[in-house]
Protein chains: 4
Amino acid sequence: MRGQQARGSSRRAQIVSAAIEVIAADGFANATFSRIAKQAGLSSTSLISYHFAGKEDLLAACLTEIEAITNGFMQARIGAARGHVAQLRAYVESNVALVGEHPAAVRALIDLVKNAGSQSQAVNGRLALIEEHFRGGQDAGVFRHFDARMAAIALTSGVDAVVATAARATPEPAELARLGRDLSDLYVRAITPA
Amino acid sequence: MRGQQARGSSRRAQIVSAAIEVIAADGFANATFSRIAKQAGLSSTSLISYHFAGKEDLLAACLTEIEAITNGFMQARIGAARGHVAQLRAYVESNVALVGEHPAAVRALIDLVKNAGSQSQAVNGRLALIEEHFRGGQDAGVFRHFDARMAAIALTSGVDAVVATAARATPEPAELARLGRDLSDLYVRAITPA
Amino acid sequence: MRGQQARGSSRRAQIVSAAIEVIAADGFANATFSRIAKQAGLSSTSLISYHFAGKEDLLAACLTEIEAITNGFMQARIGAARGHVAQLRAYVESNVALVGEHPAAVRALIDLVKNAGSQSQAVNGRLALIEEHFRGGQDAGVFRHFDARMAAIALTSGVDAVVATAARATPEPAELARLGRDLSDLYVRAITPA
Amino acid sequence: MRGQQARGSSRRAQIVSAAIEVIAADGFANATFSRIAKQAGLSSTSLISYHFAGKEDLLAACLTEIEAITNGFMQARIGAARGHVAQLRAYVESNVALVGEHPAAVRALIDLVKNAGSQSQAVNGRLALIEEHFRGGQDAGVFRHFDARMAAIALTSGVDAVVATAARATPEPAELARLGRDLSDLYVRAITPA
DNA sequence: AATGAATGAGGGTTCATTCAT
DNA sequence: CATGAATGAACCCTCATTCAT
């Protein structure tokens, strides 16, 4: 009766998936319950309200879902890398490469981050992780001493923006790879000692 | 009858100013005529419609106003700098410093850029300018050879994000100066040869 | 979410009915959602938007409903008549007689025809039917040779105007019958050979 | 201060003229003060309110002006005709011919009659005149005995409708002449004895 | 005589949400 | 679980009119 169902509900997953597609296609501002319901093949928006406590709840679920997708993709590559620099490269390059694998998820994520970013723990979590990575590298002496939080913000938003631009054009994998390499070059130079 | 007033109208300026404050405080999505009218001390939203052809028109006027403010502030500093590197530093540092002078304008600008960015020629103009600056530096041999467009995107969005974060906290001028220096260090290292 | 309901919805029918009464009473120009909602006993206009895709949709539904009413009444009488002249008489007389049965529908129809006439295929269909009838009579040699389209326009609008006047006064059935006879006399004389 | 100026004001005439053109071009429903002011080259709608007591007043003035135009054209032709039948022909044919001379006035008149018809004395006056003409012809024995008022309604509305259709197409003078002759044939046959 | 600014009512429409079934 | 109906607030916008100047 309340809305807010068990996490495992298949209906929930179906709605979240539809919402992500709508956000990716029509933008965050146009992602209404109406469009989402239609995309999901539901006859009524009330089903969404039934499964989610509110729009915020749905959006949070989208964010969670997207991050599960992206993390699954990126974590493997990052985990395989050895050393602070290599891991940072892996982060940037796998993030760019992700556009080729899950364009809708990437587009939706960027829109969600733009519009609901600072409230979201998930987004802030990603930020904190990178900040922590920077501090670790600094302690290990492989990164310069800069404002780690500031650099984390600059990096994540920069990567997001490049990825967003790329996501609009659906480029070739090879082109994406070059883009990712170029971009990680930029940041590695920025944070490592001369 | 109007719907499009002479540029110099004081009411227009008052409404634009109120709109900027609302966007800065409540976000682009919540910047409704109602809130703007209330902020401006107007008795009804129809006065806004009287002075502006529509919401788009008002938003465009806000963007114009903000850019006038920011350009007036930044152009002087950038123009005073000599050399590609110094000019880039001037851009980044003056942009960060701007937060201390016009926090509302900065916050609003960032929200407008996020939500109306790719349609706005003013925004795209800024991007093109930096891209051009990069190419010029590359031709002069003072910048490395990287994807100029990509780097321009990464830089502008990174600066915007750092600035946005700073704008939320209203920090001291000295702190802002340090932040600007740190950030421009980052980008200068990123784009200059080892 | 709907905006376009199944044809059989009782609410839809209720709203259409209310709209017809409002148009009949206040005129097409004053048939606002507010007045229609009040007439239908609804608490808000949004319910109308819920059941109809827009004002046009509602108006189209009204036209359809009215034509169903009028056709049901007139078709029987016209179909029972034999010969071109008798059918024309049946058309004119049954149209006038209709005022006694469904005054609101008649008044509303005339207002709708006046204001949305040339766009409506239903209205144009009626015109085309009569024009065709005229041509048939001319080919059969029972009608004179005149501009069939022009005469159809003159007849339908003339009948509409007489009917509209009659509808304003709610006259007795006998009086209506005489009016219908007189009017059909007029047109029969106009189109049959001396 | 009140609005409602002396009849002879040149501004008044200018506004009336603009209003007629707007009604003819955009239709009665879209004839707003805004559009009329623009058409008249005025900078503000308040000037209209200044010269006219209200919208009704302006519309009445339009009707008066149009009738002055049409009467000037038609009266000459009707007055030159001798006999009841010839005068009726002159009315119908000159009315149709008018389309070629003053298309805007005709289009506007028809729209005004449709939307403000039954309230207007001028319109009702025209009706009464024809009704009187019919009675005169009946007394003189040249017209049959029919419901004079009803026939007047049928005739005027029929002529208006044909004229309205013609006004939409701006046809050749010769075509208009034929149309007028055909139409007056129709009505003459309708009202004269077999 | 004329004007620009301002007003308030009302326009249709969209939206997330609630409720009874 | 699921649904269709209903709701009320809020949205942007247009209109004729008024007022001080």
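Just the heavy atoms: all of them, side chains too, but no hydrogens, waters or symmetry mates, feed the values below. Letters go in sequence order (proteins before strands), and every chain restarts at 1.
Taking atom CG on A:L42 and atom C1' on F:dA2, their separation rounds to 10 Å, with Å as the unit. To the nearest angstrom, C1' of E:dC15 lies 12 Å from CD1 of A:I36. Taking atom CG on A:L47 and atom C1' on F:dC1, their separation rounds to 8 Å, with Å as the unit. The separation between D:I15 atom CD1 and E:dA1 atom P is 12 Å, rounded to whole Å. The CZ-C1' distance, from C:F52 to F:dA5, rounds to 14 Å in whole Å. Across the protein-nucleic acid pair, C:I48 atom CD1 and F:dT7 atom C1' stand 14 Å apart, rounded to whole Å. One interatomic measurement links the two molecules: CG of C:L59 to P of E:dG12, which rounds to 10 Å at whole-angstrom precision. Atom NZ of A:K38 is separated from atom P of E:dT14 by 11 Å (rounded to the nearest Å).
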Test side chain to side chain contact (heavy atoms under 4.5 Å, CB included) applied to B:T45 and B:I36, step by step: CA-CA 8 Å; B:T45 68; B:I36 294 167; over 6 Å; no
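Considering only heavy atoms from C-beta on, C:F28 stays 4.5 Å or farther from D:N115 through its side chain.
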Table please: side-chain donor-acceptor pairs of residues 15-27 of chain D below 3.5 Å, with sequence neighbours left out.
{"residue": "D:S17", "atom": "OG", "partner": "D:E21", "partner atom": "OE2", "Å": "3.3"}
{"residue": "D:E21", "atom": "OE1", "partner": "D:Q39", "partner atom": "NE2", "Å": "2.5"}
{"residue": "D:D26", "atom": "OD2", "partner": "D:R35", "partner atom": "NH1", "Å": "3.0"}

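In this view, A:A60 satisfies the side chain to side chain contact (heavy atoms under 4.5 Å, CB included) rule with no residue, not counting sequence neighbours. For C:S44, the side chain to side chain contact (heavy atoms under 4.5 Å, CB included) partners two or more places apart in sequence, or in a different chain, are C:S46. For A:E56, there are no side chain to side chain contact (heavy atoms under 4.5 Å, CB included) partners, not counting sequence neighbours. With sequence neighbours excluded, the residues satisfying side chain to side chain contact (heavy atoms under 4.5 Å, CB included) with D:L63 are D:E67, D:L109, D:L112, D:S120, D:V123.
Contact annotation: A:R11 reaches the phosphate of F:dA2 (side-chain N/O to OP1 or OP2, under 4.0 Å). The phosphate of F:dG4 (OP1 or OP2) has a side-chain N or O of A:S43 nearer than 4.0 angstrom. At the phosphate of F:dG4, neither OP1 nor OP2 sits under 4.0 Å from any side-chain N or O atom of C:H51.
For the pair D:R11 (side chain) and D:H51 (backbone), a donor-acceptor distance under 3.5 Å is absent.
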Distances under 3.5 Å between nitrogen or oxygen atoms of protein and nucleotides 13-15 of chain F:
{"residue": "F:dC13", "atom": "OP1", "partner": "B:K55", "partner atom": "N", "Å": "3.4"}
{"residue": "F:dC13", "atom": "OP2", "partner": "B:K55", "partner atom": "N", "Å": "3.1"}
{"residue": "F:dC13", "atom": "N4", "partner": "B:T45", "partner atom": "OG1", "Å": "3.4"}

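Listed by first and then second residue, the side-chain hydrogen bond (donor to acceptor under 3.5 Å, both in side chains) pairs that reach into residues 103-112 of chain B come to none, sequence neighbours excluded.
One end of the helix from E:dA2-F:dT21 to E:dT21-F:dA2 points its axis 30° away from the other end's axis, with each axis taken from 5 pairs and the angle rounded to 10°.
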